[in-house]
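To keep things clear, I will list the structure first and then write my remarks on it.
Atoms within each ligand, like the ligands themselves, are counted from 1 in listed order.
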Amino acid sequence: MSVKILAIESSCDDTGAAVLVDGKILSNRIANQQVHEQYGGVIPELASRAHQENIVPVVDIALQTAGVKPEELSAIAFTQSPGLIGSLLVGSCFAKSMAMALDIPLIGVHHMQAHVLANFIDDPKPSFPFLCLTVSGGHTQIVLCESPLQMRVIGETLDDAAGEAFDKSAKILGLPYPGGPLIDKYAKEGNPARFKFPEPRIPELNFSFSGLKTAILYFLQENQQKDPSFITSNLADICASIQQRIITILLNKVLKASQETGVKDIAIAGGVSANSGLRQALQEYGEKHGWRTFIPKFEYCTDNAGMIAITAYYKYLAGEFASLDAVPTARAAF
Ligand code: KG4
Ligand code: ZN
């Protein structure tokens with residue numbers, strides 16, 4: 001009998017629903033929340049209200065697109081952690097109600113593990129063991145993956161995440177939230193060698209981005225004082241130079257991790273892996289150092305329910321189910 005899973009993602013500000021049949025994603029729908037843009041960041045209370053409005057239509061359309069009826073489903077999966085607790089509660093309550101009504105198993109998924117397994121949605125897939133650089137708005141991790149459900153964080157950020165480094169830099173430049181994609185856009189027209197920002201010396205495989213943010217702030221303040229149109233007349237070069245530094249901080253640590261572990265299958269995941277400069281630089285590092293590199297399709301990089309569905313599929317095969325009293329948590333290791 002085939003395995004049909006409905007997966008729900010509601011960890012932050014996007015409501016996602018996906019349907020998977022026998023390891024293949026048949027639909028992957030997302031409702032973005034525009035309401036946060038005016039505040040320059042995600043407002044948790046507004047996010048949970050918007051999830052409540054969006055969840056029924058998004059699930060409906062995911063099932064319709066996949067041509068799967070609720071009564072055909074084998075299990076319901078949901079993001080259990082980490083994330084905004086109010087947002088997680090909306091997704092988990094919905095998933096539990098549906099699992100209870102249909103009398104089918106419930107599967108709780110770790111959002112960061114799911115970002116890594118987004119690399120298993122399409123072919124070619126990495127071989128085990130592989131390293132994954134997971135870079136999102138809340139996390140920056142190097143993960144050593146031994147099997148789909150066995151992975152270990154071997155390096156992580158000590159302060160800001162890579163996505164925050166993009167978004168906070170964008171904010172200093174006066175760009176709207178989330179600024180990461182905008183820095184990417186302007187960087188395409190700019191010269192990444194024009195301005196030099198420092199690379200922090202952080203021990204082992206860990207990262208730090210707070211010093212970079214301060215360096216950017218002082219650099220811009222100083223130049224704006226001399227020339228009030230400095231940012232507007234140099235925007236593309238500034239964005240390209242900031243992006244270049246974030247990318248080299250990330251990939252130099254991945255290089256170190258690869259040298260220390262001997263692992264040469266390298267994947268990236270998370271919202272920041274949508275960055276075109278990072279995607280290109282990963283290919284270049286790969287060619288230079290003999291890596292096989294893996295990048296999920298764009299729609300599976302930023303938050304999505306497809307990655308929750310593929311993780312749930314491996315959990316289903318392993319018999320790892322959640323009980324109806326499973327509690328979502330804002331923070332959790334995997
Ligand atoms: O994984 P994600 O969608 O949500 C979290 O779980 O955090 O990541 C969101 C982050 C934001 O910081 C956003 O600015 C960043 O990913 N991001 C990008 C790009 N697209 C999304 N950063 C740089 N370049 C992009 N193209
Ligand atoms: Zn995420």
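Looking only at N/O/S atoms, Asp303 comes nearest to the Zn ion (ligand 2) through OD1. Restricting His115 to its N/O/S atoms, the shortest distance to the Zn ion (ligand 2) is reached by NE2.
The protein atom (non-hydrogen) at minimum distance from atom 3 (O) of ligand 1 is Asp303 N, 3.0 Å. Among all non-hydrogen protein atoms, the one lying nearest atom 15 (C) of ligand 1 is Val272 CG2, 3.9 Å. Looking at atom 17 (N) of ligand 1, its nearest protein heavy atom turns out to be Gly271 O, 3.6 Å. Given atom 10 (C) of ligand 1, the protein heavy atom at minimum distance is Gly137 N, 3.5 Å. Counting only heavy atoms of the protein, atom 22 (N) of ligand 1 lies nearest to Gly180 CA, 3.5 Å.
Under the side-chain contact (heavy atoms from CB on, under 4.5 Å) rule, Asn206 has a single partner from Ile154, Thr157, Leu158, which is Leu158.
When each atom of ligand 1 is checked for a heavy atom of Gly163 under 4.0 Å away, the hits are 12 (O). Applying the 4.0 Å criterion to heavy atoms of Ala274 picks out, from ligand 1, the atoms 20 (N), 26 (N). Less than 4.0 angstrom separates some heavy atom of Thr302 from each of these atoms of ligand 1: 3 (O).
Within the model, atoms OG of Ser276 and NZ of Lys188 stand 4.0 Å from one another, a figure rounded to the nearest 0.5 Å.
Heavy-atom distances between His115 and ligand 1 reach below 4.0 Å in at least one pair. Heavy-atom distances between Gly138 and ligand 1 reach below 4.0 Å in at least one pair. For His111, the closest heavy-atom approach to ligand 1 falls below 4.0 Å.
For the residue pair Gln225/Gln221, the side-chain donor-acceptor check at 3.5 Å is not satisfied. The closest side-chain donor-acceptor pair between Thr293 and Gln283 falls under 3.5 angstrom. No side-chain N or O of Ser210 forms a donor-acceptor pair with one of Asp160 less than 3.5 Å apart. If you check the side chains of Thr79 and Glu9, you find a donor sitting under 3.5 Å from an acceptor.
Remark: the backbone N or O of Thr232 is not paired with any side-chain donor or acceptor of Ser229 at under 3.5 angstrom.
Taking the side chain as every heavy atom from C-beta outward, Phe94 and Val59 approach each other to under 4.5 Å. Looking only at side-chain heavy atoms (C-beta outward), Tyr314 and Ile107 stay at 4.5 Å or farther from each other.
In terms of hydrophobic clustering, with Ile, Leu, Val, Met, Phe, Trp and Tyr side chains grouped at heavy-atom distances under 4.5 Å, Phe334 and Leu144 are assigned to different clusters.
Residue His111: an N/O/S atom is found under 2.8 Å from the Zn ion (ligand 2).
In terms of polar-atom proximity, defined here as any N/O pair under 3.5 Å, Asn275 does make such a contact with ligand 1. Residue-to-ligand polar distances place Asp184 within reach of ligand 1: an N/O pair is separated by less than 3.5 Å.
Look at Lys288 and Glu284 and you find no salt bridge, because none of the NZ, NE, NH1 or NH2 atoms lies under 4.0 Å from a carboxylate O.
With a heavy-atom cut-off of 4.0 Å, Asp167 touches ligand 1 through its side chain alone.
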